[in-house]
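These notes concern the structure reproduced below.
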Amino acid sequence: YNPVVKYMKLRKFALCDGEQAPPSKLEILKYEKGLNYLNSQEWQDRSRIVTGLKTSLEGRDRPISVGLLNVLEPPESNESIPRKPLAEALVHRELAMLHQHNDPEVKKGRQCSSEAASNFHFWMAALGGCAKSMLNCAKACKGVNPKHEAKWYVLASSLGSREGTINAAEHFAAKNLTRFALIFFKKALTQNDRWTDDTRIIFGQACSYDLHIRIAEILMQRDKTLNHEEALHHLMLAREAAKAAGVENIVKDIDDRIESL
């Protein structure tokens, strides 16, 4: 209920059903009063300022493409998703996090569940190009819709998310789709998240040696004889990375794996 937004024909910011309480009589009265003023001759005489502002805002940001998708449903391809997150997507992400933590400002008047509101805004943020929100969507789909879960991981990976790539790889490995698992594990090794293994250890993220070990495991699972040399190569790389990170227990584990090949 913003008469200026309606007058300037700006697109409405999408909200989840039940996220806000219906407008009160006072809010409706204020809206009608504001709209009447914008339609008055007094405002028309001053409208040149607004006309210039309206022109400057047009085409500044394309709308998030939703189409006929349901909440948490990923698009068929990443062609409709921006390569960099839209400003609107970042606002949706912040709102999602506020709902997730039941912030008093968003909880007030909310008639839907915290989960429904946060999922909606994470979904809108994901469609607007936010890779982190794609991971939130995947998490929400876990155990409910595995196909959607995998698709969100793959989409996040396509936007450069190392975490999305690793999750996609683990998802395919769990489904015994080892060819795809290898593709994504190897891709994760090439993605730069600006972290070293030392930092990843602190934050509980998969280190480079973890990825080399997983690749070696899957190679041996596929064909021990044919993939022996490649698996050994990845274990040697894993040992080198673990030694550089100073994790001696991992180095010992890798030595045991090499000996057992």
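Because only heavy atoms are used, hydrogens play no part in the values below, and waters and symmetry mates are left out as well, while side chains stay in.
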Full working for side-chain contact (heavy atoms from CB on, under 4.5 Å) between Leu177 and Phe180: CA-CA 6 Å; Leu177 299 169; Phe180 293 107; 4.1 Å; yes
Shortest non-hydrogen contact from [X] to [Y]?
X: Lys151; Y: Pro75; answer: NZ-O, 2.8 Å
X: Ala126; Y: Ser133; answer: N-CB, 3.8 Å
X: Ala117; Y: Cys112; answer: CB-SG, 4.0 Å
X: Ser161; Y: Gln191; answer: O-OE1, 3.7 Å
X: Met220; Y: Asn227; answer: SD-O, 4.4 Å
X: Trp123; Y: Glu73; answer: NE1-O, 3.0 Å

> Is the shortest heavy-atom distance from the side chain of Ser157 to the side chain of Arg162 under 4.5 Å?
Replying inline: no
Would you say that Lys186 contacts His234 through its side chain, given a criterion of any heavy-atom pair below 4.5 Å between the two side chains? yes
Check the pair Met97, Asp103 against side-chain contact (heavy atoms from CB on, under 4.5 Å), reporting the backbone distance first and the verdict last. CA-CA 9 Å; Met97 294 172 76; Asp103 186 277; over 6 Å; no
Should [X] and [Y] be regarded as members of a common hydrophobic cluster, given that ILVMFWY residues are connected when their side-chain heavy atoms come within less than 4.5 Å of each other, either directly or indirectly?
X: Ile258; Y: Val247; answer: yes
X: Tyr209; Y: Leu232; answer: yes
X: Leu72; Y: Leu135; answer: no
X: Leu235; Y: Leu219; answer: no
X: Ile201; Y: Trp195; answer: no

Is the shortest side-chain N to carboxylate O distance from [X] to [Y] below 4.0 Å?
X: Glu163; Y: Lys132; value: no
X: Asp253; Y: Arg257; value: yes
X: Arg214; Y: Glu217; value: yes
X: Arg200; Y: Asp193; value: yes

Please set out all donor-acceptor pairs under 3.5 angstrom arising from side-chain atoms of residues 136-143, sequence neighbours excluded.
unit_1 : atom_1 : unit_2 : atom_2 : d
Asn136 : OD1    : Arg93  : NH1    : 2.8

The ring-ring contact (aromatic ring centres under 6.0 Å, His included) partners of Phe184 (sequence neighbours excluded) come to Phe172
When rounded to the nearest 0.5 angstrom, what is the spacing between [atom1] in [X] and [atom2] in [Y]?
X: Glu115; Y: Phe122; atom1: CD; atom2: CZ; value: 11.0 Å
X: Leu261; Y: His228; atom1: CG; atom2: NE2; value: 4.5 Å
X: Met124; Y: Cys130; atom1: CE; atom2: SG; value: 12.5 Å
X: Leu86; Y: Ile81; atom1: CG; atom2: CD1; value: 10.5 Å
X: Leu95; Y: Gln100; atom1: CG; atom2: CD; value: 12.5 Å
X: Lys243; Y: Glu248; atom1: NZ; atom2: CD; value: 7.5 Å

Worksheet item: Has the side chain of Asp210 got a donor or acceptor atom that lies under 3.5 Å from a matching backbone atom of Cys207?
Response: yes
Margin query: I'd like to know if the side chain of Asp197 and the backbone of Ala245 have a donor-acceptor N/O pair within less than 3.5 Å.
Written below: no
In chain order, what residues pass the side chain to side chain contact (heavy atoms under 4.5 Å, CB included) check against [X], with sequence neighbours excluded?
X: Thr178; value: Asn176, Ile218, Gln221, Arg222
X: Asn145; value: Lys147, His148
X: Val91; value: Phe13
X: Asn78; value: Arg83, Leu155, Ser158

In Thr165, Ile215, Ile213, the residue satisfying side chain to side chain contact (heavy atoms under 4.5 Å, CB included) with Phe185 is Ile215
Practice prompt. Report the C-alpha distance between Leu98 and Glu105 in whole Å, list the side-chain angles of each, state the deciding distance to 0.1 Å, and finish with yes or no for side-chain contact (heavy atoms from CB on, under 4.5 Å).
Written response: CA-CA 8 Å; Leu98 289 172; Glu105 288 300 315; over 6 Å; no
Q. Got a sec: does the CD of Glu240 have more than 12 other heavy atoms crowding it under 6.0 Å?
A. no
Exercise for review: Answer with yes or no whether the side chains of Glu19 and His121 bring together a donor and an acceptor at under 3.5 Å.
Suggested key: yes
Does a donor on one side chain and an acceptor on the other come within less than 3.5 Å for Asn102 and Arg110?
yes
Candidate pair His212 and Leu189, rule side-chain contact (heavy atoms from CB on, under 4.5 Å), full reasoning: CA-CA 8 Å; His212 283 297; Leu189 284 170; 3.5 Å; yes
